[in-house]
Amino acid sequence: MGLAKLDESEWLQPNPDVAARAEGFAAYPAGIQISPDGEVPGAELAKMLGLSGGLPEAATAHHEDMCLLTLRPGDEQYRLVGAAVAWPSDWTPADKLGLPLRALHAPIQGYEEQLASGVDHFMAKLKAGAIYGRCNWFIAATPERRWVAEPPEIAFAHVSPENAGETLFVRSERQTLRRLPETGAILFTIGIYVSPLAALSRGNQLRLSEAMQGLLDGEGDRRGAGQYADALIQFVKKRHRDIS
């Protein structure tokens with residue numbers, strides 16, 4: 001799962017741009033989805049963060065999108081009971097509300113075979129007060145933080161080795177998991193960060209270029225890597241050949 005334990009001070013981004021968050025939710029009201037099972041955990045979360053409302057207020061007041069998962073009596077998997085997501089990475093909260101973890105992750109190649117059992121075990125054993133985090137990355141053809149992916153052959157049709165630095169965007173989700181102490185619900189936060197390829201450090205550009213082959217051998221089809229990998233690799237090679 002690639003999780004690292006975090007201190008309280010590392011949990012949420014300090015000094016969030018609350019105006020951008022409000023704009024994000026105003027542009028995408030469907031990003032807020034709460035079932036009856038999510039109301040009480042949402043109120044607990046807001047109170048924990050010093051707020052008086054519920055899940056939507058908590059997410060609007062912070063940089064991170066926030067999702068709540070609970071375990072119903074008789075269930076073996078946690079399921080999504082609340083989402084306040086202004087900037088989703090190509091998913092629709094309304095389509096996911098109420099689904100158990102394995103169904104939530106069904107589009108992810110290899111999840112069932114490689115990760116599902118470990119994730120279920122981690123969620124069951126997670127103690128209140130402990131915070132864990134991880135980061136992932138995607139390549140997108142847009143800097144928009146609310147990302148609705150087009151078919152790769154359309155999205156990346158304009159990308160070339162010459163313009164890849166400005167037309168490819170590295171999108172990262174900083175994710176954390178934390179159990180709420182009173183309800184036992186698990187809070188999943190997603191902090192979105194987007195940067196044009198050219199703005200990354202030399203080291204990160206080289207690491208991305210090296211990662212392309214692994215992506216092509218794994219989730220490449222789902223992520224559309226075949227449409228942009230060569231342009232990214234050639235851009236990085238030329239840029240760092242010119243710098244050397």
Side-chain angles (χ1 to χ4, degrees), residues 2 4 10 12-28 31 59-60 62-66 85-93 107-109 133-176 189-244:
E10 300 173 301
L12 301 175
Q13 177 184 305
N15 304 314
D17 185 343
V18 293
R21 295 293 289 160
E23 290 171 4
F25 282 113
Y28 188 55
T60 304
H62 293 83
H63 176 78
E64 291 79 7
D65 289 331
M66 298 183 177
V85 182
W87 301 326
S89 296
D90 197 33
W91 65 285
T92 304
I108 299 176
Q109 184 174 341
R134 66 182 293 270
C135 292
N136 63 15
W137 60 270
F138 307 88
I139 302 296
T142 173
E144 296 297 322
R145 283 182 285 194
R146 178 164 65 90
W147 179 34
V148 180
E150 295 182 293
E153 62 274 15
I154 296 174
F156 299 105
H158 62 297
V159 177
S160 69
E162 292 71 33
N163 67 19
E166 292 72 41
T167 58
L168 292 180
F169 297 85
V170 182
R171 180 184 181 90
S172 179
E173 296 178 333
R174 182 181 184 270
Q175 305 169 349
T176 75
T189 73
I190 313 161
I192 299 296
Y193 302 88
V194 184
S195 173
L197 174 64
L200 297 186
S201 69
R202 181 176 187 270
N204 281 335
Q205 288 180 4
L206 290 170
R207 278 190 283 271
L208 274 176
S209 178
E210 292 168 1
M212 283 298 101
Q213 189 57 55
L215 187 60
L216 289 169
D217 292 340
E219 281 198 306
D221 289 343
R222 188 175 74 86
R223 294 198 190 189
Q227 302 297 320
Y228 63 78
D230 183 65
L232 187 153
I233 291 168
Q234 294 305 318
F235 167 81
V236 173
K237 281 183 178 178
K238 182 178 186 305
R239 179 159 188 169
H240 296 290
R241 183 172 63 243
D242 292 345
I243 291 174
S244 300

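Between Pro161 and Gln234, the shortest heavy-atom distance links the atoms CB-CB, 3.7 Å. In plain terms, the two heavy atoms of Pro152 and Gln227 that are nearest each other are CB-CG, 3.5 Å. For the residue pair Pro88 and Arg146, the shortest heavy atom distance occurs at CD-CG, 3.7 Å.
With no hydrogens or angles considered, a side-chain donor-acceptor pair links Gln205 and His240 at under 3.5 Å. A donor-acceptor contact under 3.5 angstrom links the side chains of Ser89 and Glu173, judged on distance only. In the model, Glu23 has no side-chain atom that pairs as donor or acceptor with a side-chain atom of Tyr28 under 3.5 Å.
Shown here are the salt bridge (charged side-chain N to carboxylate O under 4.0 Å, His left out) partners of Arg21, two or more places apart in sequence or in another chain: Asp65.
The CG atom of Leu12 sits 6.5 Å away from the OG1 atom of Thr176 when rounded to the nearest 0.5 Å.
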task: May I have the step-by-step check of side chain to side chain contact (heavy atoms under 4.5 Å, CB included) for Trp137 and Arg171, ending in yes or no?
output: CA-CA 5 Å; Trp137 60 270; Arg171 180 184 181 90; over 6 Å; no
Requested in this report: Output, in order, the C-alpha distance, side-chain angles, deciding distance and verdict of ring-ring contact (aromatic ring centres under 6.0 Å, His included) for Phe138 and Trp147.
Outcome: CA-CA 11 Å; Phe138 307 88; Trp147 179 34; 5.7 Å; yes
task = Start with the C-alpha gap between Arg202 and Arg207, add the side-chain angles, then the distance that decides, and say whether side chain to side chain contact (heavy atoms under 4.5 Å, CB included) holds.
result = CA-CA 9 Å; Arg202 181 176 187 270; Arg207 278 190 283 271; over 6 Å; no
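Taking the side chain as every heavy atom from C-beta outward, Tyr228 and Met212 approach each other to under 4.5 Å.
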